[in-house]
Engineer: 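Here's a structure for you.
Remember, it's a predicted structure, so these values are computed and weren't measured experimentally.
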Amino acid sequence: MQTLSNSSVSSFAFMSDEELLPLLKEQNGQVIFKELFQRHYHLLCYKVYALVQCEHSAEEIVSDVFVKVWKNRAQLTVNTKLKYYLSTAVRNQSIDYLRKQNRERSFKAEIDRDYECDYASPHERIVGEELSQKVEAAIESLPPKGRHIFRLSRDQGLKYREIAEKLNISIKTVETHMRRSLIHLRSCILIQGI
């Protein structure tokens, strides 16, 4: 196995991914990691963005994959070209991200549908109003920032990116608040039997 030295640092640019990969386990593996990161990061972000349509999330997904590569470098086994391995890893992570987003949207749509139903009979209207009051009480029981973000998303129909820009916070912060809000509302609904 090739050992790292200061004179070999400049030659990394001329080495293939497959030649560099075993060197990740060496003492100066971070130099190799940086080279591999620089080679693949932007193209992977572009591919992920095509799937998730959110620049911030695409960058996070690709960064997460590289963090996993770094953390597992001692046991890392790549049976194909590194670019295919990384493409598969970011695609799988993107699919997980989209599934999570879809679950959150489905739950939000379910709450909205129940909340905005038109009721035909007086009895159904009363039940509907009671349901609306319970849902509204559950929303009001959210922490102030989470409630504000939830209302911007639900009432004003803003996307996470738009909320982040409006409140000058990261998209990840918006996602975290929405996830916590939806979990809280789901538990309130289950407890109250809505």
Engineer: Ignoring hydrogens, what is the shortest heavy-atom contact between Leu98 and Leu51? Give both atom names and the distance.
Structural biologist: CD1-O, 3.9 Å
Engineer: Ala58 and Cys45: which non-hydrogen atoms are nearest, and at how many Å?
Structural biologist: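 Scanning both residues, the minimum pair turns out to be CB-O, 3.8 Å.
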Engineer: Can you name the nearest heavy-atom pair linking His40 to Lys83, along with the distance?
Structural biologist: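 For His40 versus Lys83, the nearest heavy atoms are CE1-CB, 3.7 Å.
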Engineer: Is atom CD of Glu55 surrounded by more than 12 heavy atoms (other residues, nucleotides or ligands) closer than 6.0 Å?
Structural biologist: no
Engineer: Can you sort out the partners of Ser57 under side chain to side chain donor-acceptor pair (under 3.5 Å), two or more places apart, ordered by chain and number?
Structural biologist: Tyr97, Glu175
Engineer: Hey, what's the ring geometry for Phe66 with Tyr41, parallel, tilted or perpendicular (30° and 60° as the breaks)?
Structural biologist: tilted
Engineer: Can you measure from CD1 (Ile139) to OG (Ser181) and round to the nearest 0.5 angstrom?
Structural biologist: 9.5 Å
Engineer: Applying side-chain contact (heavy atoms from CB on, under 4.5 Å), run through Arg161 and His56 and close with a yes or a no.
Structural biologist: CA-CA 9 Å; Arg161 184 185 41 188; His56 176 77; over 6 Å; no
Engineer: When rounded to the nearest 0.5 angstrom, what distance separates CE in Met178 from OG in Ser153?
Structural biologist: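 Met178 CE to Ser153 OG: 3.5 Å, rounded to 0.5 Å.
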Engineer: In this structure, would Val78 and Val69 fall into the same cluster of hydrophobic residues linked by side-chain contacts under 4.5 Å?
Structural biologist: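 Yes, same cluster.
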Engineer: Indicate whether the side chain of Thr173 and that of Thr176 have a donor and an acceptor atom separated by less than 3.5 Å.
Structural biologist: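 Checked: Thr173/Thr176 side chains show no N/O donor-acceptor pair below 3.5 Å.
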Engineer: Can a donor-acceptor pair be found between the side chains of His184 and Ser141 at a distance below 3.5 Å?
Structural biologist: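 His184 vs Ser141: donor-acceptor pair found between side chains.
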Engineer: Please round to the nearest 0.5 Å and tell me the distance separating atom CG of Leu86 and atom CD of Gln93.
Structural biologist: 12.0 Å
Engineer: Decide yes or no on side-chain contact (heavy atoms from CB on, under 4.5 Å) for Leu36 and Leu21, but give the supporting numbers first.
Structural biologist: CA-CA 8 Å; Leu36 293 171; Leu21 203 54; 4.2 Å; yes
Engineer: Tell me, please, which residues at least two apart from Glu35 pass salt bridge (Lys or Arg N to Asp or Glu O under 4.0 Å).
Structural biologist: Arg39
Engineer: Can you see which heavy atom on Thr80 is nearest to which on Tyr85, and at what distance?
Structural biologist: CG2-N, 3.9 Å
Engineer: Are Tyr49 and Ile61 joined in one hydrophobic group, where the rule is that I, L, V, M, F, W and Y side chains link up if heavy atoms are under 4.5 Å apart?
Structural biologist: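 No: no chain of side-chain contacts under 4.5 Å links Tyr49 to Ile61.
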Engineer: About how many Å separate CZ of Arg180 and NE2 of His177, when rounded to the nearest 0.5 Å?
Structural biologist: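 Between His177 NE2 and Arg180 CZ, I get 6.5 Å after rounding to 0.5 Å.
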Engineer: In this structure, are over 12 heavy atoms from other groups packed under 6.0 Å from Lys34 atom NZ?
Structural biologist: no
Engineer: Could you state the interatomic distance from CZ (Arg151) to CD (Gln156), rounded to the nearest 0.5 Å?
Structural biologist: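 Reported to 0.5 Å precision, the distance equals 10.5 Å.
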Engineer: Just so I know, are the side chains of Leu152 and Glu162 near enough to count as touching, which here means a heavy-atom distance under 4.5 Å?
Structural biologist: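 Sidechains of Glu162 and Leu152: no contact.
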Engineer: Hey, are the side chains of Leu182 and Phe150 touching, using non-hydrogen atoms and a 4.5 Å cut-off?
Structural biologist: yes
Engineer: Using 0.5 Å steps for rounding, measure from the CZ atom of Arg73 to the CD1 atom of Ile32.
Structural biologist: 12.0 Å
Engineer: What verdict does the side-chain contact (heavy atoms from CB on, under 4.5 Å) test give for Phe37 and Trp70, after you've listed the backbone C-alpha separation in whole Å, the side-chain angles of each residue and the deciding distance to 0.1 Å?
Structural biologist: CA-CA 10 Å; Phe37 182 87; Trp70 177 251; over 6 Å; no
Engineer: Which pair of heavy atoms, one from Arg147 and one from Leu142, lies closest together, and at what distance?
Structural biologist: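 Closest pair (atom of Arg147, atom of Leu142, distance): NH1-O, 3.0 Å.
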Engineer: Evaluate Leu167 against Val174 for side-chain contact (heavy atoms from CB on, under 4.5 Å), listing each step before the verdict.
Structural biologist: CA-CA 9 Å; Leu167 299 179; Val174 174; 5.7 Å; no
Engineer: Between the main-chain N or O of Leu23 and the side-chain N or O of Glu26, is there a donor-acceptor pair closer than 3.5 Å?
Structural biologist: no
Engineer: Do you know which two heavy atoms are closest between Ala89 and Val65, and how far apart they sit?
Structural biologist: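 Looking at all heavy atoms of both residues, the shortest contact is CB-CG1, 3.7 Å.
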